[in-house]
Number of protein chains: 2
Amino acid sequence: MATTETTAGTPRRGGRGARERILRAAVELFARDGIHVTGIAKLTDTAQVSTRTFYQHFPSKEALVSAYLQRVESDPEGPVHGESVLERSDLGARERLLALFADSAPTQVVRGCPLHNAAVEAAGTMPEATALVERHKKELTERLIKTAAEAGAREPETLGRRLAVLFEGANALSTSLNSALPYQDARGLAAMLIDQATGAS
Amino acid sequence: MATTETTAGTPRRGGRGARERILRAAVELFARDGIHVTGIAKLTDTAQVSTRTFYQHFPSKEALVSAYLQRVESDPEGPVHGESVLERSDLGARERLLALFADSAPTQVVRGCPLHNAAVEAAGTMPEATALVERHKKELTERLIKTAAEAGAREPETLGRRLAVLFEGANALSTSLNSALPYQDARGLAAMLIDQATGAS
DNA sequence: CCGCAAGTATACCGATCGCTTTACTTTGCT
DNA sequence: AGCAAAGTAAAGCGATCGGTATACTTGCGG
């Protein structure tokens with residue numbers, strides 16, 4: 001016996017898809033607990049990944065934050081997937097605008113929009129994250145304006161921008177108040193605005 | 001010469017009003033950079049206060065956070081002083097509601113509402129901060145509803161809650177977008193809602 | 001005028017931060 | 001079968017975190 005002397009190793013952890021598990025852990029922990037309070041150790045524990053492997057996939061925590069934001073942005077199962085209703089071709093423009101507000105409440109559990117939250121935490125540090133969130137919200141506003149135009153709104157620019165404020169307000173106030181009620185208020189007001197802008201010529 | 005051997009001490013720092021200086025530093029740093037990224041060292045440096053003195057005034061950083069939030073809430077020079085227009089007796093109810101949105105833009109430089117931002121950072125940790133922000137936003141909503149009633153709104157509950165969402169939305173979107181534009185949109189929409197709810201019987 | 005509260009500097013505590021390193025093992029592909 | 005890619009464990013890096021301790025000095029009120 002003692003073929004190789006070093007019998008120590010028993011490396012059974014998560015297995016092959018390390019990067020994916022890391023990103024999933026990031027979505028779970030960053031969105032729920034925040035970015036600053038989530039350390040690398042908690043991340044690697046959750047992802048079932050060694051520290052080494054982590055840094056082979058992401059050069060730094062900040063790089064993971066950027067990847068996390070992009071994932072959140074595009075993940076069809078992620079916490080902001082509700083925004084994708086604006087792209088659905090089986091719905092009329094008016095219905096898409098309404099659906100954005102109808103769908104957002106159940107999705108957003110309690111903690112508002114993860115992208116906005118990241119922008120709050122990013123502040124001075126993490127300029128890449130700040131820029132990414134800024135871009136996302138700009139694009140969302142543009143999509144809202146376009147959809148408002150499709151819906152035949154009299155002033156699509158105004159309606160789109162107002163709906164953007166409203167959407168962000170529902171998310172943010174639900175965080176501050178620890179309640180989902182603001183979504184109802186936003187939904188009601190959105191419906192009114194849309195009707196008013198597209199209604200009786 | 002050598003009267004007392006110990007010639008070391010040259011303790012000239014900020015002087016007597018330590019607590020006040022600490023709170024001022026907290027308002028400046030927490031609001032601008034965030035809570036988690038602001039360490040005790042930066043705080044004491046800015047406040048011109050020794051570590052010891054700091055902990056004689058506040059038992060922990062979390063205690064300072066609570067004191068900071070209360071200060072922000074009530075400070076007539078602070079970043080949320082704009083909300084106090086709702087209390088002004090020299091203005092009519094309608095004017096007060098409009099003034100809230102008119103005044104908020106210049107006050108809020110770029111970083112939204114410090115209370116909401118604190119709620120985002122507080123998340124799981126800092127339950128006291130979470131509760132304080134929740135209370136503040138509830139009270140703000142109540143004041144909005146009362147003022148809406150005074151202004152003769154047909155459904156003051158609805159109008160007040162919608163204005164609360166709008167106000168939070170302007171603050172939050174200005175953070176996400178790094179721009180003051182959302183305040184304009186919120187102001188326009190608020191004016192419309194108020195006119196509509198109080199206007200032509 | 002003097003005592004004492006309020007302030008000062010500074011070194012240090014254990015813990016955790018983000019990150020690196022060394023040495024090793026498993027897995028999938030050809 | 002064999003080899004590179006991808007994974008593992010674990011020790012440890014310097015820095016910083018929130019917080020404590022020791023020892024000293026000042027300014028104001030009775």
Side-chain angles (χ1 to χ4, degrees), chain A residues 2-26 29-30 33-68 121-122 124-126 128-129, chain B residues 2-26 29-30 33-68 121-122 124-126 128-129:
Chain A
T3 48
T4 42
E5 180 87 345
T6 55
T7 54
T10 30
R12 33 164 161 58
R13 194 86 159 257
R16 275 289 153 120
R19 187 187 171 91
E20 182 60 27
R21 291 202 308 280
I22 294 169
L23 276 171
R24 273 206 247 273
L29 298 174
F30 284 163
D33 304 333
I35 293 171
H36 288 311
V37 297
T38 302
I40 301 292
K42 195 180 289 180
L43 241 352
T44 55
D45 281 5
T46 304
Q48 288 285 91
V49 147
S50 68
T51 316
R52 183 79 200 277
T53 300
F54 175 88
Y55 280 101
Q56 257 153 11
H57 286 287
F58 302 96
S60 67
K61 186 188 180 182
E62 201 173 340
L64 174 64
V65 171
S66 293
Y68 151 74
E121 289 205 77
T125 38
M126 306 198 282
E128 212 174 321
Chain B
T3 49
T4 42
E5 179 86 346
T6 55
T7 55
T10 30
R12 32 160 164 63
R13 194 86 159 254
R16 276 286 153 124
R19 188 187 171 90
E20 182 59 28
R21 291 201 310 278
I22 294 169
L23 276 170
R24 272 207 247 274
L29 298 174
F30 284 163
D33 304 333
I35 293 171
H36 288 309
V37 297
T38 302
I40 301 291
K42 196 180 289 181
L43 241 352
T44 56
D45 281 5
T46 304
Q48 289 285 92
V49 146
S50 68
T51 314
R52 185 76 199 279
T53 300
F54 175 88
Y55 280 102
Q56 257 153 13
H57 286 286
F58 301 96
S60 68
K61 187 187 179 182
E62 202 173 339
L64 174 65
V65 171
S66 293
Y68 151 75
E121 289 204 78
T125 39
M126 306 200 280
E128 211 174 323

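Everything numeric here is computed off the predicted structure, so don't read it as measured data. So that the names make sense, note that chain A is the first sequence line, chain B the second, and so on, each numbered from 1.
Note: CD (Q56(B)) to P (dC4(C)) measures 17 Å, nearest angstrom. For the pair L29(B) CG and dG18(D) P, the interatomic distance rounds to 12 Å; values are reported in whole Å. Protein atom CD of E20(A) is 12 Å distant from nucleotide atom P of dG7(D), rounded to whole Å. Atom NE2 in H57(B) sits about 15 Å away from atom P in dT20(D), given to the nearest Å. Separating the CG atom of L43(B) from the P atom of dG19(D) is a distance of 11 Å, rounded to the nearest angstrom. The interatomic distance linking Q48(B) (CD) with dT8(C) (P) rounds to 9 Å, in whole Å. If you take CZ of F58(B) and P of dA6(C), they are 14 Å apart, rounded to a whole angstrom. In this structure, the NZ atom of K42(B) is 11 Å from the P atom of dG18(D), given to the nearest Å.
In this view, S66(B) and E128(B) satisfy the side chain to side chain donor-acceptor pair (under 3.5 Å) rule, not counting sequence neighbours. Not counting sequence neighbours, the partners of R24(A) by the salt bridge (Lys or Arg N to Asp or Glu O under 4.0 Å) test are E20(A).
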Distance-only donor-acceptor pairs under 3.5 Å for side chains of residues 35-44 of chain B, two or more places apart:
unit_1: H36(B); atom_1: NE2; unit_2: E121(B); atom_2: O; d: 3.0
unit_1: T38(B); atom_1: OG1; unit_2: G34(B); atom_2: O; d: 2.7
unit_1: T44(B); atom_1: OG1; unit_2: I40(B); atom_2: O; d: 3.2
unit_1: T44(B); atom_1: OG1; unit_2: A41(B); atom_2: O; d: 2.9

Sequence neighbours excluded and cut-off under 3.5 Å, please list the side-chain donor-acceptor pairs for residues 49-56 of chain A, or say none.
unit_1: S50(A); atom_1: OG; unit_2: T53(A); atom_2: N; d: 3.3
unit_1: S50(A); atom_1: OG; unit_2: T53(A); atom_2: OG1; d: 3.0

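Considering only side-chain N and O atoms, T53(A) lies under 4.0 angstrom from the phosphate OP1 or OP2 of dT8(D).
Under the 4.5 Å side-chain criterion, counting only non-hydrogen atoms from C-beta, Y68(B) is not in contact with L29(B).
Residues A18(A) and H57(A) share a closest heavy-atom pair of CB-NE2, 3.7 Å.
Inter-axis angle, ends of the helix from dC1(C)-dG30(D) to dT30(C)-dA1(D), five pairs per end, rounded to 10 degrees: 10°.
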(request) Summarise how protein sits on nucleotides 13-20 of chain C as a single string, 5' to 3': B when a protein heavy atom is under 4.0 Å from the base, S for sugar-phosphate-only contact, - for no contact. (result) -----SBB
